[in-house]
2 protein chains.
Amino acid sequence: MSTESANPRYRNERSHKAILDAALKLCREQGFAKTSVDAIAKEAGVGKQTIYRWWPSKAAVLVEAIDRQSAPSPDFPDTGDVLADLRDQMVIVARYFQAAQSSTYREVIGAAQSDPATAQVVLNTLVRPRVEGCRNRLEQARRQGQIRADVVLDDVIELIYAPLYYRLLLGTRPTTPEQVEVILNLAFDGLRPR
Amino acid sequence: MSTESANPRYRNERSHKAILDAALKLCREQGFAKTSVDAIAKEAGVGKQTIYRWWPSKAAVLVEAIDRQSAPSPDFPDTGDVLADLRDQMVIVARYFQAAQSSTYREVIGAAQSDPATAQVVLNTLVRPRVEGCRNRLEQARRQGQIRADVVLDDVIELIYAPLYYRLLLGTRPTTPEQVEVILNLAFDGLRPR
DNA sequence: TATACAAAACGAGACGACTCGTCTTGACGG
DNA sequence: CCGTCAAGACGAGTCGTCTCGTTTTGTATA
C-alpha cells in the first residue's frame with residue numbers, strides 16, 4: 001500500500017528544481033524513452049523515492065519541466081490585426097517544433113497515448129492553458145468583425161494549429177514559418193475559387 | 001552480429017498470419033503498451049525468434065496488422081462533388097478514430113515518437129498511401145475548378161485531416177461526423193466575414 | 001516422377017541486461 | 001518526534017539475442 005502523504009509543506013525545493021533540471025538535461029541528451037527514473041535521480045543527486053513521492057510517473061516530471069521551461073507566455077498579443085497576431089504566435093510554435101528541444105515534448109505526447117493519466121496532465125497543463133489565450137484573442141477578433149461571427153472558436157483554433165501538430169507527430173514535413181503563412185492563408189481565404 | 005537473412009521464400013504463411021492476428025487481439029484486449037512480444041508469440045503459438053526474424057519491433061508487427069485490417073481502401077470516390085467525397089472519406093476516418101480499435105493505431109503513433117524506425121514505417125505504410133488517394137482526388141477537383149488553383153494540395157490535405165489527428169492524439173474532443181462537417185465548412189468558406 | 005539433400009525457418013525456451021515501482025534503512029531538520 | 005531525505009535492495013517483468021533439436025522448403029539428381 002502506498003500511503004504516501006507527500007505534504008508539500010515539507011517539500012525540498014532544492015531537490016525539486018534539481019529533479020526538473022536533471023530530467024530536461026537527460027532527455028535533451030538521450031531522449032525521453034532512454035532516460036530512466038533511476039538516471040534522473042542519480043543525475044539530480046536524489047533518492048528515487050523522492051521522485052515517486054511527488055510525481056506519479058516519469059512523464060509527469062517532464063510535463064512540469066517543459067511547462068516551467070516554456071517562456072512565461074506573455075498573453076496573446078493584440079495589435080488589432082488578428083491575422084498578424086496569430087502568425088506571430090504560430091511562428092513561435094512552429095520554430096519550437098523544429099528545434100531539437102521539442103522532441104521531449106513530442107515523446108511525452110507519445111507516452112500519453114499509452115497512459116491516460118499522462119494524457120490528462122499533458123492536456124490540462126500544457127495544452128489547455130495555451131489554447132485559452134488564443135481563444136480570448138479570437139473572441140476579441142470576432143467582436144471586431146475580423147472573423148466570421150458564426151464559428152465556434154475552438155474549431156478555428158484546431159483548424160489552424162492542428163497542421164503544426166500533425167507534422168510534428170507524423171513527421172510528414174517540417175513546420176517552417178512559411179508554412180504558417182500558408183495555413184493562415186488557406187484558413188482565412190478558404191479553398192473555394194474566388 | 002545478427003546475420004539473419006530471412007529469405008521470404010521460406011516464410012511460413014500460417015505463422016505469419018497467426019502473429020498478426022494474435023498481435024491485434026492482444027492489443028485490442030489490453031492495449032499495445034501492455035502487450036509484450038513474448039505474449040504475442042505465445043498467443044500465436046510461435047517462437048519469439050520467429051517474430052524478430054521478420055519484424056524489427058513490436059510496433060512494426062502492428063503497423064502491418066493495422067494496414068492489413070483496414071478495408072482494402074476502395075480508392076477515393078469521385079462523384080463529381082469534391083466536398084461530398086471528402087466528407088464521406090473523412091467521416092470514415094472520424095468514426096474509426098472514435099472506435100475502440102483505433103487506440104492501437106493511436107498507441108503505435110505514440111511509440112513512433114520515440115523510435116525513428118517506427119515513425120518511418122508508420123508514415124510509409126499507413127499514412128502516405130492513403131494521403132495519395134486523397135491528393136489524386138483533389139487534383140481532379142482543382143482541374144474542375146472546385147478548389148482554388150493556387151493551392152498546394154498537400155497543404156489542403158493537412159488542413160482538413162490534421163484536426164482529426166489533433167483530437168485523436170491530444171484527446172481534446174471526440175471526432176464526430178458532425179465535426180467533419182464543421183471542418184470542411186471552415187476550410188472551404190474561410191474564416192473571413194462574408 | 002520419385003527420392004535425396006542442404007539450407008533456412010521453425011517452436012521452445014534459457015539468458016543477461018535493463019527498467020519499473022515499492023520497500024527498507026538510517027540520517028537529517030523543523 | 002515526525003516526515004522528508006539519499007541510497008540502494010528487491011521482485012516482477014520486458015527486451016532482444018542465442019542456442020537447442022526439429023520440420024519445412026526448394027532444388028538437384030536419378
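Chain identifiers are assigned alphabetically (A, B, ...) following the order of the sequence lines, protein sequences preceding nucleic acid strands; residue numbering begins at 1 within each chain.
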Worksheet, complete the sentence: Checking D:dT25, C:dG13, D:dC15 against the side chain of B:S36 (C-beta onward), the nearest is D:dC15
Worksheet item: Is B:R173 salt-bridged to A:D155, going by a charged N under 4.0 Å from an acidic O?
Response: yes
Worksheet entry | N/O donor-acceptor pair, side chain B:Q49 with base D:dC18, under 3.5 angstrom | yes
Worksheet, complete the sentence: Walking DNA chain C from its 5' end, the first of A:K58 and B:E13 to be reached, judged by nearest nucleotide, is B:E13
Discussion item. Counting only side-chain nitrogens and oxygens, does B:R53 get under 4.0 Å of the OP1 or OP2 atom of C:dC10?
Written reply: yes
Fill in: Contact under 4.0 Å: B:Y52 side-chain N or O vs D:dG16 OP1/OP2
yes
Discussion item. Please confirm whether the shortest side-chain N or O distance from B:R9 to OP1 or OP2 of D:dT27 is below 4.0 Å.
Written reply: yes
Practice prompt. For the side chain of B:K48, starting at C-beta, report the closest nucleotide among D:dT17, C:dG21, D:dA6.
Written response: D:dT17
Discussion item. Could you tell me how far apart B:D38 (CG) and D:dT14 (C1') are, to the nearest whole angstrom?
Written reply: 7 Å
Worksheet item: With the threshold set at 4.0 Å, does a side-chain nitrogen-carboxylate oxygen contact exist between B:K42 and B:D38?
Response: no
Fill in: Whole-Å distance separating the CD1 atom of B:I51 from the P atom of C:dA12
12 Å
Fill in: Side chains of B:T176 and B:Q98, donor plus acceptor under 3.5 Å
no
Worksheet item: For C:dA9, does OP1 or OP2 lie under 4.0 Å from any side-chain N or O of B:T50?
Response: no
Discussion item. Parallel, tilted or perpendicular, judged at 30° and 60°: which one describes the rings of A:Y165 and A:Y105?
Written reply: perpendicular
Discussion item. Under 4.0 Å from OP1 or OP2 of C:dA9: is there any side-chain N or O of B:S15 that close?
Written reply: no
Worksheet item: Is the shortest side-chain N/O distance from B:W54 to OP1 or OP2 of C:dC10 below 4.0 Å?
Response: yes
